[in-house]
Every structure is written in structure tokens, then in C-alpha cells.
> 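Below are the C-alpha cells for one structure; questions will follow.
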Amino acid sequence: MTSTIKTESHIGGAHRPGRWLALSVLVLAVLLVAVDATVLGLATPFLSEDLRPTGNQLLWIGDVYSFVIAGLLVSMGSLGDRIGRKKLLLIGATAFGALSVLNAYATSPEMMIVARALLGVAGATLMPSTLALIRNLFHDARERSLAIGIWGAMASAGAAVGPVVGGFLLEHFWWGSVFLINLPVMAVLVLVGAKLIPESKNPNPGPWDVPSVALSLVGVIGIVYAVKELASHGLSPDAGVAALLGVAALAWFVRRQLTLPAPLLDMRLFRHRGFSGAVAADLLTILGLSGLVFFLSQFFQLVQGRQPLEAGLAELPAAIGAVTAGLIAGVVARRYSVRSVVAGGLAAVGVSLAVLTTLDQHTGYPLLGATLLVVGVGAGFSFTVTADVILSSVPKEQAGSASAVSETAYELGAALGIAILGSIVTGVYRGFATPAGVPSDVASAAHESLGGAVEASGTLAPGTASALVSSAQEAFVDGLRIAAGVGAAVLLATAVAAWFLLKGQKLEDGVEH
């Protein structure tokens with residue numbers, strides 16, 4: 001197989017037989033991760049009712065998956081470069097399927113948090129492997145742009161399929177079933193991918209540096225945990241210690257990479273302005289979006305009273321917009337410019353989030369649907385083009401590391417977004433006034449989460465229950481509006497930064513040899 005790959009690459013890897021079929025298997029892994037991330041938002045009210053997590057535990061269930069992925073992506077991308085990206089992908093997919101079962105049958109908030117963390121370990125092996133394999137499957141720049149567009153479109157399709165399928169399952173089965181949908185996808189990926197996907201790796205990788213792995217994990221998780229604690233509780237000894245530990249570990253990590261003959265992450269990649277600008281754009285964009293998306297499913301269900309399937313369908317315009325934009329992003333960026341497509345996409349998302357600052361309990365769906373559609377189009381253009389820029393900025397041998405940096409920015413942004421914007425929503429929510437006549441234990445449960453308030457109201461007289469739920473819903477929407485405003489400010493600032501950082505950046509043309 002190795003000799004065949006080398007020969008094909010030499011004579012023109014752009015025409016590798018079966019490359020599109022191999023791509024269709026690779027995007028199943030993306031679908032797997034995207035579906036898992038989006039179904040959790042729909043399942044949250046049911047999970048809250050069954051496991052009774054506190055507000056903080058609920059946030060940890062939501063973001064520990066992203067924390068662990070963010071901490072391990074660079075290490076796993078580098079590991080794939082060394083042992084083989086196909087091998088790592090198949091191992092990770094198998095583990096992801098097995099750990100999905102553990103998530104489905106979690107019996108306590110603590111077990112759920114641990115299961116989500118372990119799922120993050122498996123998830124960290126999937127995303128960099130898929131993008132790196134695309135880099136090595138498609139040597140023609142235009143074909144690669146289309147392949148990356150399909151990759152991004154399937155991630156968005158997963159965001160659409162997740163809520164719809166999840167909503168159907170939640171209406172007919174228990175909340176754990178939303179994790180079991182990973183199993184058939186994993187089975188197809190492993191069985192078909194083993195035959196179709198060619199192996200690729202760095203021919204001269206050097207040893208895998210375990211101290212660097214530990215430093216990157218401690219550094220990223222320390223920083224994210226500190227931000228989460230600061231957002232939730234303000235200055236505290238725990239947050240200070242975590243921040244110092246995280247900064248020290250990352251500084252040591254960077255210093256170590258600059259001295260190693262075969263670093264886990266080649267820091268020279270960041271000297272490329274297009275690479276650095278694209279990574280920064282990805283991180284800040286998903287930061288501005290993720291916290292809001294996490295709570296939007298709860299808004300549709302617990303504030304506007306939609307059933308899970310209806311709530312899933314309500315979020316469909318965002319995915320439709322992202323899929324459409326992702327497929328044409330490469331063509332548009334070549335016709336106009338990289339910076340106009342990325343900055344324009346980010347500005348569109350920012351304006352859409354600004355519109356959501358007018359949200360209330362009775363906002364009609366036409367406005368919400370149109371806003372979500374524009375968010376999807378803007379994000380589809382931006383994420384697809386930045387992924388292309390990141391991959392085309394590095395040699396093929398470093399594709400895994402570059403992909404891992406891209407995905408780290410994405411997952412770190414998601415974790416920070418849920419931590420910061422989610423904590424804003426939670427902080428505002430907890431301040432709502434409890435109506436007279438509500439017992440202290442019921443009031444305490446109601447202040448933990450909106451799902452808790454809806455459940456706790458079931459023990460009260462109808463009039464008091466209605467007043468409690470109404471007050472809780474109003475506070476939740478107040479928090480959502482503020483989070484949308486913060487997200488809009490972040491996105492619009494990122495659009496301006498992208499305009500300058502990506503100046504002169506172009507997508508590649510032609511075939512590599």
C-alpha cells in the first residue's frame with residue numbers, strides 16, 4: 001500500500017482512484033462528533049430531570065467534552081503524524097462508539113461528567129485525522145477546497161441531523177438513546193474505512209514527546225477552567241491557581257517545542273500570517289457562537305414550549321445555510337478574496353447575533369429562522385475558507401499538526417464560549433425573584449437551572465407554579481439577550497481583525513507534485 005501511495009503521489013495524487021469514496025467515509029467521523037455535540041442541548045431538560053445535576057454540574061456536562069478535546073487535539077494530531085492517521089482514526093472511532101454506550105447509561109451527574117470527558121479523549125483522535133487525510137488524499141488545490149467544503153458541510157449537516165434525530169428519539173425513548181445513534185455510524189466508519197482509506201503519516205516524525213503532551217493538556221485545561229470559574233464566581237483562589245498553572249504549563253510547552261529537534265507542534269507555523277489569522281478567527285468565532293447555541297435548544301423547548309423534534313427542526317436553517325455556503329466557499333474566495341469572504345461571513349454572524357438581543361418569550365419563528373439561516377451562511381463561508389488556508393499553509397507531512405491546531409482553536413473556542421456566555425446566562429438566571437409562597441427547597445432547585453424550575457413547579461399549586469415558571473423564563477431570556485450581545489461584539493471585532501490579518505492571502509491553485 002505504501003509503495004502504491006508514493007507512486008500515485010509522484011505521478012499526480014490529484015487523480016487517486018477512490019478518493020471521493022474515501023472522503024465519504026471520512027466525513028462520517030465528522031458527522032459522529034457533530035451529532036454528539038448537538039444532541040446534548042436537546043437532551044439537557046430530560047437529563048436534568050433524571051440525573052438532577054446542579055447548575056455547575058450541568059455546565060460541566062456541557063463543556064467537559066470540549067475541554068478534554070481542546071487539551072488533547074495537538075497531541076493526537078502529532079500522534080497521527082507519527083503512527084498513521086488512518087490507524088488513529090479507526091482506533092478513535094471504535095473507542096468513541098464504546099464510550100457513547102457509557103454516556104447513554106450514566107446514572108449520576110458525576111458519572112456523566114466522567115463519561116463525557118472520556119468521550120472527549122476519543123473525539124480528540126477523530127477530527128485532526130480527518131482533515132489531515134483530506135490534505136493527503138487531494139493534491140489538486142481546487143479539488144481539496146471542494147473536499148474541505150464537503151467536510152465542513154457534513155459537520156453542519158451533523159448539527160442539523162443531531163437535533164432532528166435526537167428530537168425523534170427523545171419523543172419515543174429515554175435521553176440516553178441520543179448517544180446510541182453514534183454506534184451505527186461508528187460501525188460503518190470502521191468497517192468501510194479500513195478498506196477504503198489509504199494510510200498516511202510523516203516519513204520522518206521523530207519520537208512522540210510525552211512531557212509535551214502533559215504540558216499541553218495541563219495548560220489548556222488550566223486556562224479554560226480558570227475562565228469558567230471567573231465567569232461563574234468571580235475572583236477566587238481556585239481560579240487564580242488554575243490560571244497560573246495553565247499559563248506556566250503553556251509557556252513551558254512553547255519553550256520546549258522551540259528546543260526539541262522533532263517538536264510535538266512546530267511553533268514556526270505561526271510565523272505564517274494567514275495561518276495565525278485563520279486560527280484566531282476560528283477560535284473567536286466559535287467562542288461568540290457556542291454558548292448561545294448551547295442554550296437556544298432550551299429556549300425553544302422550555303420557554304416557547306416546543307417538543308424536542310420541533311425544536312430540532314427549528315434549528316435546521318442554520319445547518320442549511322452552512323452546508324450551502326461551505327460547498328461554494330472555495331469558488332467564492334478565489335473569485336473575490338479570502339479576507340472578504342471570511343470577514344464578510346463573520347460580520348453576517350455578528351449582525352445576526354445582535355438581532356437576537358431583541359429576543360423575548362414570544363418572538364416569532366420567521367425572525368428566529370431567518371437569523372439562524374444568516375448565522376449558518378456566515379459561519380459556513382468563514383470556517384470552510386479558514387480550514388483551507390490552514391491546511392494549504394503547511395507541508396503535507398505536518399498536516400496532522402496543522403489540522404490539530406485548527407481543531408484546537410475550534411474546541412477551545414467552544415469550551416470558552418460555553419464557559420463565558422453560558423455563565424452569563426446562568427448568572428443572570430439565578431438572580432430572578434422567587435414568587436411569594438414558594439418553599440425554600442423548591443426555590444433552591446428552581447434557581448439551579450430552567451429545567452429544574454419547570455420540574456420543581458410540578459409540586460406547587462397551579463397559580464404559584466405558573467408564576468415561578470414565568471419568572472424563571474423571563475430571567476433565562478434576559479441572560480440569553482446579554483450573551484447574544486457579547487457574542488455579537490466578539491464576532492464583529494473578529495471580522496475587523498480578519499480583514500487585516502488575511503490581507504493578501506489567497507487559496508492555492510493547481511496540483512502538487
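Not measured: the values here are computed from a predicted model. Sequential numbering from 1 along the given sequence is applied to the chain's residues.
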> Does anything in residues 349-369 form a ring-ring contact (aromatic ring centres under 6.0 Å, His included)? List the pairs, not counting sequence neighbours.
none
> Which pair of non-hydrogen atoms, one from S382 and one from V342, has the smallest distance, and what is that distance?
OG-CG1, 3.8 Å
> Could you walk me through whether V442 and L468 pass side chain to side chain contact (heavy atoms under 4.5 Å, CB included), step by step?
CA-CA 10 Å; V442 175; L468 175 66; 4.3 Å; yes
> Has F270 got more than 12 heavy atoms of other residues, nucleotides or ligands less than 6.0 Å from its CZ?
yes
> Kindly say whether A281 contributes a backbone atom to a donor-acceptor pair with the side chain of T494 at under 3.5 angstrom?
no
> T386: what forms a side chain to side chain donor-acceptor pair (under 3.5 Å) with it, not counting sequence neighbours?
D282
> Would you mind reporting whether T358 and T363 have side-chain heavy atoms less than 4.5 Å apart?
no
> Just jot down the side chain to side chain donor-acceptor pair (under 3.5 Å) partners of Q304, sequence neighbours excluded, or say none.
R306
> So, Q361 side chain and V303 main chain: donor-acceptor pair closer than 3.5 Å or not?
no
> Once you round to the nearest 0.5 Å, how far does CG of L119 lie from CE of M112?
9.0 Å
> When rounded to the nearest 0.5 angstrom, what is the spacing between OG1 in T94 and CG in L89?
9.0 Å
> Applying ring-ring contact (aromatic ring centres under 6.0 Å, His included) as the test, list every pair that has at least one member in residues 470-498; sequence neighbours left out.
F295-F476
> Side chains of T125 and I91: does their closest heavy-atom pair fall under 4.5 Å?
no
> Does a side-chain heavy-atom distance below 4.5 Å link N103 with R116?
yes
> Assign the ring pair Y429 / F432 to parallel, tilted or perpendicular, where the plane angle (0 to 90°) is split at 30° and 60°.
tilted
> Do L327 and I150 pass the side chain to side chain contact (heavy atoms under 4.5 Å, CB included) test, and can you show the C-alpha distance, the side-chain angles, and the key distance before you say yes or no?
CA-CA 6 Å; L327 292 175; I150 293 170; 3.7 Å; yes
> Where do A488 and G350 come nearest, in terms of heavy atoms and distance?
CB-O, 3.4 Å
> Nearest 0.5 Å, what's the CG-CD1 distance between L421 and I482?
11.5 Å
> Can you confirm whether R481 sits close enough to D360 that some side-chain heavy atom of one is under 4.5 Å from a side-chain heavy atom of the other?
yes
> Can you tell me if S444 uses its side chain to pair, donor with acceptor, with the backbone of S440 under 3.5 Å?
no
> Using the six-membered ring wherever Trp is involved, compare the ring planes of Y65 and F96 and label them parallel, tilted or perpendicular (cut-offs 30° and 60°).
perpendicular
> If you define the side chain from C-beta out and look only at heavy atoms, does anything of L215 sit under 4.5 Å from L250?
no
> Say whether, by atom type as modelled, one donor and one acceptor occur between the side chain of S466 and the main chain of G463 under 3.5 angstrom.
no
> So, the side chain of T324 versus the backbone of I320: is there a donor-acceptor pair under 3.5 Å, distance only?
yes
> Please name all residues satisfying salt bridge (Lys or Arg N to Asp or Glu O under 4.0 Å) with E474, sequence neighbours left out, ordered by chain then number.
none
> Which pair of heavy atoms, one from S216 and one from S75, lies closest together, and at what distance?
OG-OG, 3.3 Å
> Could you pull out the closest heavy-atom pair between I61 and P53, with the gap in Å?
CD1-CB, 4.3 Å
> Mind checking the CG-CG spacing from L99 to N182? Nearest 0.5 Å is all I need.
10.5 Å
> With side chains defined as the heavy atoms from C-beta onward, is the minimum distance between F381 and V385 less than 4.5 Å?
no
> If we only count heavy atoms from C-beta on, is the L359 to L368 side-chain gap below 4.5 Å?
yes
> Do you know the tightest heavy-atom contact between V190 and A93?
CG2-CB, 3.9 Å
> For the pair H447 (side chain) and A472 (backbone), establish whether a donor and an acceptor sit closer than 3.5 Å, ignoring hydrogens and angles.
no
> If every non-hydrogen atom of I390 is compared with every non-hydrogen atom of V279, which pair is closest and at what distance?
CD1-CG2, 3.8 Å
> Using a 4.5 Å cut-off on heavy atoms from C-beta on, say whether the side chain of L180 contacts that of Y105.
yes
> Applying side chain to side chain donor-acceptor pair (under 3.5 Å), can you list everything that pairs with S470, at least two apart in sequence or on another chain?
none
> Could you grab the distance from atom CG of L102 to atom CZ of F179, nearest 0.5 Å is fine?
10.0 Å
> Hey, what do you get for CG (L126) to CG (L88), rounding to the nearest 0.5 Å?
8.0 Å
